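Beneath this line is the structure, given in structure tokens, with notes to follow.
Numbers restart at 1 for each chain; the letters A, B, ... are given by sequence-line order, proteins then strands. As the structure is a prediction and not an experimental result, all values here were calculated from the model. As a basis for the values below, the full set of heavy atoms in this structure was taken, side chains included, without hydrogen atoms, waters or symmetry mates.
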Protein chains: 4
Amino acid sequence: MTADADLRLRADARRNRDQIIAAAKQVFAEDGPDAPMEEIARRACVGVGTLYRRFPDREALIRGVARDNFAAVLTEARAAAAEEPTSWKALVRLLSRSHELQLSIHLSLVSPLARRVIREDPATGEFRHAILEVLDGIVHGAQAEGMLRRDVASGDIAVVVSMLLRPMPHDDKNMAEMIRDRMLTILLDGLRPGSALPGRPITSDKLRRP
Amino acid sequence: MTADADLRLRADARRNRDQIIAAAKQVFAEDGPDAPMEEIARRACVGVGTLYRRFPDREALIRGVARDNFAAVLTEARAAAAEEPTSWKALVRLLSRSHELQLSIHLSLVSPLARRVIREDPATGEFRHAILEVLDGIVHGAQAEGMLRRDVASGDIAVVVSMLLRPMPHDDKNMAEMIRDRMLTILLDGLRPGSALPGRPITSDKLRRP
Amino acid sequence: MTADADLRLRADARRNRDQIIAAAKQVFAEDGPDAPMEEIARRACVGVGTLYRRFPDREALIRGVARDNFAAVLTEARAAAAEEPTSWKALVRLLSRSHELQLSIHLSLVSPLARRVIREDPATGEFRHAILEVLDGIVHGAQAEGMLRRDVASGDIAVVVSMLLRPMPHDDKNMAEMIRDRMLTILLDGLRPGSALPGRPITSDKLRRP
Amino acid sequence: MTADADLRLRADARRNRDQIIAAAKQVFAEDGPDAPMEEIARRACVGVGTLYRRFPDREALIRGVARDNFAAVLTEARAAAAEEPTSWKALVRLLSRSHELQLSIHLSLVSPLARRVIREDPATGEFRHAILEVLDGIVHGAQAEGMLRRDVASGDIAVVVSMLLRPMPHDDKNMAEMIRDRMLTILLDGLRPGSALPGRPITSDKLRRP
DNA sequence: CATGAATGAGACTTCATTCAT
DNA sequence: CATGAATGAAGTCTCATTCAT
């Protein structure tokens, strides 16, 4: 899930690195990607110095989080495709619970810096590509099953996912979850074969540079 | 549009205030609500001193922007309700073009500070309340017209609006617009009477504390 | 002696600016051009913020000091040329007491950063050019007087000055002064018409990019 | 060349030490004595830990470099005295090419820290003493030969050396060399018997605390 | 009142030094 | 012993806010 270079880290260094990524995910999610580096270091129980040794600057850290994150999403997408009996069910699963994905979306949504960093990182780009490929398969499958309207493509689905996974405007956990479920249903209803959509299907390569 | 106290401002002071709000909207939209105060002052063509005379601190400025913004949305919602021939059309109009609304949503989305400030400001709260009341009327109207599924309430619609108006994940203006149109159609399809939604309708008072 | 833009500064800002330059000269002379900015601010009796408002970063400060410094040297050179009865005496005066010059030399000697900044600043370059022009006149005059060997040019003299004005390797003030006097005499003796020098005279344009 | 204790080092440890000193010389020459320790370690192809095992802190490293350096200078001075046919020629040779010396001078010139460390290190002091003794012999010899003015002492010569060996204000290698040659000739001319110098000869003990 | 200068707290980053592996 | 990871103090710089002009 992480770059090859990291595999050669000493055990303790490796542990630190993971703690830092985990802490950064948390803090980024809570305070946005401008959160103080010290806060992240504290959360990871390391000194700032260690953080900076592993990630030379904020951009590198964002990059690190994004890669780890996209990698996790890819895993999740593959699992959904492999484990669900139908493509439509895989799609529903992806739409309902991709918590990892949420962070990436939040990140690239909120901060111009983060957006740029993510866009410019080739490794993240590859993950994105792989994810969209899996999604492509699911979309075509669901269309073949007659469950999904034929005038959408995996790019449309990516957008739907991103809409669903953005932070819901409610602080209450349960409420937020119910809201999300309702929106999911509305969207799924809207995704069934029905009236024609405007424009052309958003194919995955249209999102290459989001 | 603004609190009563402001009405007594001298003409030039008034102009300053408006310039500042306008500049702040721009800058907040571009750089988020943590943008340097000097930048906002510069854009408004006033000194920081003037900005601080009008808005004692950043929170006051955010408050000012939020009020102005919610007021504009209210105006827009009332216009839609008054001018469109059917409630359903009013709803579609609200969903398609509420650029003012976009900023509020962006603001309360992105920054914990802004979220708190908006939530805690009673004046903004009143605007929100008024907006949801108008929306209530539209929703009931559209349901009476048989165009809108009966298991949604104005709170659900507010959520739908917020989903649609968040920044779309694409830098190309046209692409972003097409994406939005497609999502709008999908959502409208999903909002037509159809399969049952999970949970209970989100009534407007459920969103009182967003 | 300072750039035009500075003339429009408010009176207090102007005073601050001058204090900062003066403090920076002192501190640079004592601790080199890597000295903490805070130290300089303290010496100038201003906050760091003020220092950074006037000079956006260390390079800008070095540049400011260099300009001020070269301007002073130019004044000194012109005074020597104008006030001394013979060119040779003007030359001797320049060689003996150009305390201002000392700092510039120290600066450009000691720190790669300072060297680069000084070299790349066009304003400083113009001062340097003007100084070398004055020196040219003095050199030619002294040669016409028969006091100065004919196989040197103003560039050579600039080098001699720089050798003399570098910090002498002794902490005792008086000792350092005596040492300098002795070296001055040795050098003046060496500069009188005598045995041929190797190479070609260093003309001022050879030092354009020192 | 180095203190006795070092002689007992195992061969590989010895090699490490030498690599470190060599790297430090390079790096000090390029970036000054404040250069990062890691940089020096990297250049020496050892870990920082090894560097710190050999030299407990930066001062110790500077001390090590200074000793090594002064030792080399002493060797060079002795060689000049022994190999040149006349004392004057030995003097000229010392003045023209003492690259080792250059570093010491650079060091003690540039950084207050280095200056203090060098001054306070007894071992370096002894080397300095020995060097000045050799120089004394050369000076007296040259005076006896009638080539050197009688009102100078070895301290004066040390100063002349230090003037000549400081970095010349020019980036072009060839130019710098030509400049140095010209200055050498001027100084040698000035050192021939001639007009009386001011002050008293700088004897070597006057430089004991430079 | 408007202006923009000054302040200083706080965030970022670097690096000397220590210490676990 | 060698290594390079971890630490945190210290320096750089930014910006919210106050205040003199």
Handout entry: Position toward the 5' end of DNA chain F (nearest nucleotide), C:V48 or D:V48
Key = D:V48
Exercise for the section: Let me know which of B:V27, B:D31, B:V46 forms a side chain to side chain contact (heavy atoms under 4.5 Å, CB included) with B:I40. Expected result: B:V27
Problem - Candidates E:dT14, F:dA2, F:dG4 - which lies nearest the side chain of D:R53 - result: F:dA2
Exercise for the section: Please work out if A:A44 contacts a base, only the sugar-phosphate, or nothing of the nucleic acid, heavy-atom cut-off 4.0 Å. Expected result: nothing
Practice task
Whole angstrom is fine here: how far is it from CD in D:E38 over to C1' in E:dC15?
Solution key: 7 Å
Problem - Nearest-nucleotide comparison on DNA chain F, the residue closer to the 5′ end among A:G49 and D:L51 - result: D:L51
Handout entry: Donor-acceptor pair, side chain of D:R58 and main chain of D:P33, under 3.5 angstrom
Key = yes
Completion exercise
note: D:F55, atom CZ; F:dC1, atom C1'; distance rounded to Å ~ 16 Å
Handout entry: D:D57 CG to E:dC15 P, straight-line distance once rounded to whole Å
Key = 18 Å
Handout entry: Stepwise side-chain contact (heavy atoms from CB on, under 4.5 Å) check, A:E30 with A:R43
Key = CA-CA 12 Å; A:E30 287 170 25; A:R43 219 60 97 91; 2.9 Å; yes
Practice task
In whole angstrom, give the distance that lies between atom CD1 of A:I40 and atom P of E:dT13.
Solution key: 11 Å
Practice task
Could you state the atom-to-atom distance from CZ of B:R15 to C1' of E:dA2 in whole Å?
Solution key: 12 Å
Exercise for the section: Have a look at A:A35 and say if it touches a base, only the backbone sugar-phosphate, or nothing, with a 4.0 Å heavy-atom cut-off. Expected result: sugar-phosphate
Handout entry: A:R54 CZ - E:dC15 P separation (whole Å)
Key = 17 Å
Completion exercise
5'-most contact on DNA chain E (nearest-nucleotide basis), A:P56 vs B:N16, goes to B:N16
Handout entry: Atom pair distance, as rounded to whole Å: CG in A:D34 and C1' in F:dT14
Key = 13 Å
Practice task
Output yes when at least one side-chain N/O atom of C:T50 is less than 4.0 Å from OP1 or OP2 of E:dA5, else no.
Solution key: no
Practice task
Could you please spell out the steps behind the side-chain contact (heavy atoms from CB on, under 4.5 Å) verdict for D:L113 and D:R116?
Solution key: CA-CA 5 Å; D:L113 170 64; D:R116 181 170 60 68; 3.4 Å; yes
Handout entry: Position toward the 5' end of DNA chain E (nearest nucleotide), A:Y52 or C:V46
Key = C:V46
Handout entry: Assigned partner base of E:dA20, Watson-Crick or wobble definition, under 3.5 Å
Key = F:dT3
Handout entry: Nucleotide paired to F:dT14 in any strand shown, Watson-Crick or G-U, under 3.5 Å
Key = E:dA9
Completion exercise
Whole-Å distance, D:M37 CE to F:dT7 P, equals 21 Å
Exercise for the section: Apply the test side-chain contact (heavy atoms from CB on, under 4.5 Å) to residues D:F55 and D:R63: give CA-CA distance (whole Å), side-chain angles for both, the deciding distance (0.1 Å), then the verdict. Expected result: CA-CA 9 Å; D:F55 303 94; D:R63 210 154 30 234; over 6 Å; no
Fill in the blank from the handout: Closest of F:dC13, E:dT13, E:dA16 to the C:R58 side chain is F:dC13
